[in-house]
Undergrad: 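I'd like to ask some things about the structure below.
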Number of protein chains: 2
Amino acid sequence: MLNNQIKIRISNGPATAMGPGKAELLALINECGSISAAAKQMKMSYRRAWQLVDEVNKCFDQPLVASSVGGSHGGGAKLTEFGIKVLENYHALIAKSQEASVQELAFIRAHLKESV
Amino acid sequence: MLNNQIKIRISNGPATAMGPGKAELLALINECGSISAAAKQMKMSYRRAWQLVDEVNKCFDQPLVASSVGGSHGGGAKLTEFGIKVLENYHALIAKSQEASVQELAFIRAHLKESV
DNA sequence: CATCGCTATATCCATTGAAACATAGCGAGC
DNA sequence: GCTCGCTATGTTTCAATGGATATAGCGATG
């Protein structure tokens, strides 16, 4: 059992406001202090990471990621208070959802192939 | 508020065992009695619909869709008992998840743009 | 005031995914 | 035994996506 988790995404029209990938990226940005370092860890191009951040920032009524340019270390990025809160909410949402549907999940998982 | 629902998918390795699209397709197959009619309703090519069915059938230890070929009406497809059960489980899973996380969901939704 | 590393963005190209199209085959019923 | 509509696939085309690459600009710090 490695990759059959339940994946929840919250879409906003055609875009995805929050999903597994964006959540991971945001968490890493918070850890690393920069988009580029986070991207590197996810083996993702900086371009793509930046696009995701941009998209997520545009999905909400306020930015989740605050980035600064220039400075001794070239700049960086971190989550805003709001970003942290959204991320926490998302994690909680997943946890609660999984908790609430253990039965259904168990039934389905029990019948999956390759779910060794 | 038209398209910002929470979307849950259950992945099985690289493939998706069950998700919004597949669930809708399965439901339609059950209604229509054929893959092609269901595909038409979803404005999806028959080929794609068939591929999804094939994938979903392969994800589980038993088929969700039973198809028959030939006959006066050319054949058809319907859900197996198992398929019905999986679908019901999936729907229940979503319902329970949404129920369990109303708070988190409300917070996030409240801050989405275009969430008119 | 030069450096350094990161943001921000544009351009080009490879890969992928899906759509479109094409066909073979099946069998209940007329 | 012919027809008809659906399953089951192969092939070819095309568009969208993402990766690679290039470059400009920024500003704290030494």
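Every heavy atom of this structure was used, including side-chain atoms; hydrogens, water molecules and symmetry mates were not. All chains are named by letter (A, B, ...) in the order of the sequence lines, taking the proteins before the strands, and each is independently numbered beginning at 1.
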Undergrad: How close or far is atom P of D:dG10 from atom CH2 of B:Trp50, stated in whole angstroms?
TA: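 Answer to the nearest Å: 8 Å.
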Undergrad: Tell me which nucleotide among C:dT7, D:dC6, C:dA19 gets nearest to the side chain of A:Val69.
TA: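 Nearest to the side-chain atoms of A:Val69, counting from C-beta on, is C:dT7.
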Undergrad: Does NE2 belonging to A:His73 count more than 12 external heavy atoms closer than 6.0 Å?
TA: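 Not buried by this count: 12 neighbours or fewer within 6.0 Å.
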Undergrad: Quickly work out the A:Arg47 CZ to C:dC6 P distance and round it to whole Å.
TA: 20 Å
Undergrad: Taking any heavy-atom pair under 4.0 Å as a contact, classify A:Gly75: base, sugar-phosphate, or nothing.
TA: sugar-phosphate
Undergrad: Distance check needed: C:dC6 P versus A:Asp54 CG, whole Å only.
TA: 20 Å
Undergrad: Rounded to whole Å, please give me the gap between CE in A:Met44 and P in D:dT17.
TA: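 Atom-to-atom, A:Met44 to D:dT17, this comes out as 16 Å.
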Undergrad: Is the phosphate of C:dA8, meaning OP1 or OP2, less than 4.0 Å from a side-chain N or O of A:Ser67?
TA: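 Yes, within the criterion.
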Undergrad: Round to a whole Å and report the spacing from CD of B:Gln51 to C1' of D:dT9.
TA: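 For the pair B:Gln51 CD and D:dT9 C1', the rounded distance is 10 Å.
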Undergrad: Write down the distance between CD1 (B:Ile35) and C1' (C:dC26), rounded to a whole number of angstrom.
TA: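 Taking atom C1' of C:dC26 as the reference, CD1 of B:Ile35 is at 15 Å.
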Undergrad: Does A:Ser68 have a side-chain nitrogen or oxygen under 4.0 Å from the phosphate oxygens OP1 or OP2 of D:dC26?
TA: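 No, no such contact exists.
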Undergrad: Is it the case that more than 12 heavy atoms not belonging to A:Gln62 sit under 6.0 Å from its CD atom?
TA: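 Yes.
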Undergrad: Looking at B:Ser36, does any N or O in its side chain come under 4.0 Å of the phosphate oxygens OP1/OP2 on D:dT7?
TA: yes
Undergrad: For the pair made of NZ in B:Lys43 and P in C:dA18, what is the distance, rounded to whole Å?
TA: 19 Å
Undergrad: Is B:Glu55 atom CD crowded by more than 12 heavy atoms from other residues, nucleotides or ligands, each under 6.0 Å away?
TA: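 Count over threshold, so yes.
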Undergrad: Return the value, rounded to whole Å, for the distance between atom CZ of B:Arg48 and atom P of C:dG17.
TA: 10 Å
Undergrad: I'd like to know if the side chain of A:Ser34 reaches the main chain of A:Ala37, judged simply by a donor and an acceptor atom lying under 3.5 Å from each other, with no hydrogens or angles considered.
TA: yes
Undergrad: With a 4.5 Å limit on heavy-atom distance, are the side chains of A:Leu26 and A:Leu64 in contact?
TA: yes
Undergrad: If you only use heavy atoms from C-beta on, which nucleotide in C:dA28, C:dT7, D:dA8 is closest to the side chain of B:Ser72?
TA: C:dA28
